[in-house]
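See below for the structure under consideration.
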Amino acid sequence: MDLVEETPYRFRIDRRDPMRVPGVVFATRSLLPDVDADRSLDQVADVATLPGIVTASYAMPDVHWGYGFPIGGVAATDVADGGVVSPGGVGFDISCGVRLLAADLDRAALGPRLDALLDGLGEATPRGMGTGAVWHLADRAELDAVLRGGSRYAVERGFGVPRDLARCEDGGAVDDADPAQVSERAVQRGAGQVGSLGSGNHFLEVQAVAEVYDEPVAAAFGLAAGQVCVMIHCGSRGLGHQICTDHVRAMERVMPGYGIQVPDRQLACAPVSSPEGRAYLGAMAAAANYARANRQLLAHAARQVFRRVTGGELALVYDISHNLAKIETHDVAGAPRRLCVHRKGATRALPPGHDDLPDDLRPVGQPVLIPGSMGTGSYVLTGVTGAPAWASTCHGAGRTQSRKQATKAVRGHDPRQELEAQGIAVRGASRRGLAEEMPAAYKDVTAVVAAAEGAGLCRRVARLVPLGVVKG
DNA sequence: ATGTAC
């Protein structure tokens, strides 16, 4: 892979057939993936072959190897010019994302009640593989209401307050969900999981604001130094996974009929405007709403525990996905175009002044929530004016080791004890789960965020440190 | 990420 260093934060993969556009990797030299162990830069080049792709196939500083598309990949296709949508450009965990809540409480004031808080959160948070959820749905009609209404429906049903919706991407739900495109098997897998954390890198953490880089923006977000926060990182569980599986298969079957050839069958895709493209986008939107409702329900459960243990309240800072495709209007070569923007392990980062921001956030830009690896810090960023890559930035630390490698590396260690020795309390979590999520298996999130800022993708607002973690 | 292989 020939990389041309354009700046210390930006590398180019020159276009060569059958690429339609170049690749652009936002990273520092030390953050670039190890080409012997990780094929993600080849994947950046593969994505550049997709029909209708415009400008470049982008990678964020946390890029690593994924299914078809790299994780940390951003690609936009022109809807009116045969542009495709690819389920691999969203990933299996559709609308996996992060929600941050800020307490009216300082870290020092929480003091010894942290243990009781974590005990309560551990009990109130369904987690791990399989079934178990905050919400037991009445019937398929109620699941369809979740798929159509996302966090809006959860709030209607009393799981939150209307103000929450102003602090959710898309006001808590996208309008174009089509439950008819969600298979019966996906429904069966998802029905018993609405309001559950899952496993892997998903978590609920009690955190504290350790550092504020921009006081006015942090204040607009509702954040101040020392403040206690709760961060929830989860997705669309079995429902999103099944939707991805179903629609990849459907697209594999019809691609030859559209004359589409891709260098990797995991890049299965169909024109956005085709029946198969629209069917996927309708099902994907349903999973996006499901994931938002999921985070809304877990936040509701966390609020009840927080109120009981501390007497305090949790205000929503923001809820944002980092695995999603969206139809957005962007300027391409001086003209506005309707684009299908795939963000897979990449976060939308709207700049100040953007119409889609609520009034109180419009002057400062969109909060971007970056979960660190287990036991390390997390970051709050904001979007910036004139950023490349369709108003997108990184989503997290990014793996450097596979789950298998990480499990092997942890032999002889006791991850739980090591975390607790750092003063980070742990609730739940299998030994295997902890092993797979060791910080040694990830890039340094601080370096990732610094590179994203250096590349002009976003700006740092605050750093959060973990006090305790609930894991699957 | 995921009923860690239909």
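Each chain gets a letter, A, B and so on, in the order the sequences are listed, and its residues count up from 1.
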Query - A/His202 NE2 to B/dT4 P, straight-line distance once rounded to whole Å - result: 16 Å
Query raised in the report: Taking only side-chain nitrogens and oxygens of A/Arg189, does any of them come within less than 4.0 Å of OP1 or OP2 of B/dT2?
Result: no
Query raised in the report: To the nearest Å, how far apart are A/Leu197 CG and B/dT2 P?
Result: 9 Å
Query - salt_bridge(A/Asp164, A/Arg303) N-O dist < 4.0 Å - result: yes
Report task. Would you classify A/Arg249 as touching base, sugar-phosphate or nothing, given that sugar-phosphate means primed atoms plus P, OP1 and OP2, and contacts are heavy atoms under 4.0 Å? Result -> nothing
Query raised in the report: Separation of A/Met129 atom CE from B/dT4 atom P, in whole Å?
Result: 5 Å
**Report entry** Short N-O contact, A/Asp170 and A/Lys326, less than 4.0 angstrom
**Finding:** yes
Report task. Round to the nearest Å and state the distance from A/Tyr67 atom OH to B/dT2 atom C1'. Result -> 13 Å
Query raised in the report: Salt-bridged, A/Arg427 to A/Glu205, with N to O below 4.0 Å?
Result: no
Query raised in the report: Roughly, in whole Å, what's the span from CZ in A/Arg127 to P in B/dG3?
Result: 16 Å
Query raised in the report: In whole angstroms, how far is the C1' atom of B/dG3 from the CG atom of A/Asp246?
Result: 14 Å
Query raised in the report: When you look at CZ of A/Arg265, are more than 12 heavy atoms from neighbouring residues, nucleotides or ligands closer to it than 6.0 Å?
Result: no
Requested in this report: May I ask you to say what A/Gln193 touches in the nucleic acid, namely base, sugar-phosphate or nothing, with a heavy-atom cut-off under 4.0 Å?
Outcome: sugar-phosphate
Query raised in the report: Between A/His233 and A/His395, is the gap from one ring center to the other below 6.0 Å?
Result: no
Requested in this report: Assign A/Gln188 to base, sugar-phosphate, or nothing according to its heavy-atom contacts below 4.0 angstrom with the strands shown.
Outcome: nothing
Query raised in the report: Looking across every strand, which nucleic acid part, if any, lies under 4.0 Å from A/Gly235 by heavy atom: base, sugar-phosphate, or nothing?
Result: nothing
Requested in this report: Using a heavy-atom cut-off of under 4.0 Å over every strand shown, decide if A/Arg185 touches base, sugar-phosphate, or nothing.
Outcome: base
**Report entry** Whole angstrom value for the distance that separates C1' of B/dT4 from CZ of A/Arg403
**Finding:** 9 Å
Query raised in the report: Between A/Ser199 and B/dT2, does any side-chain N or O lie under 4.0 Å from OP1 or OP2?
Result: yes
Requested in this report: Nearest whole angstrom, please: distance from the C1' of B/dT4 to the CG of A/Asp93.
Outcome: 14 Å
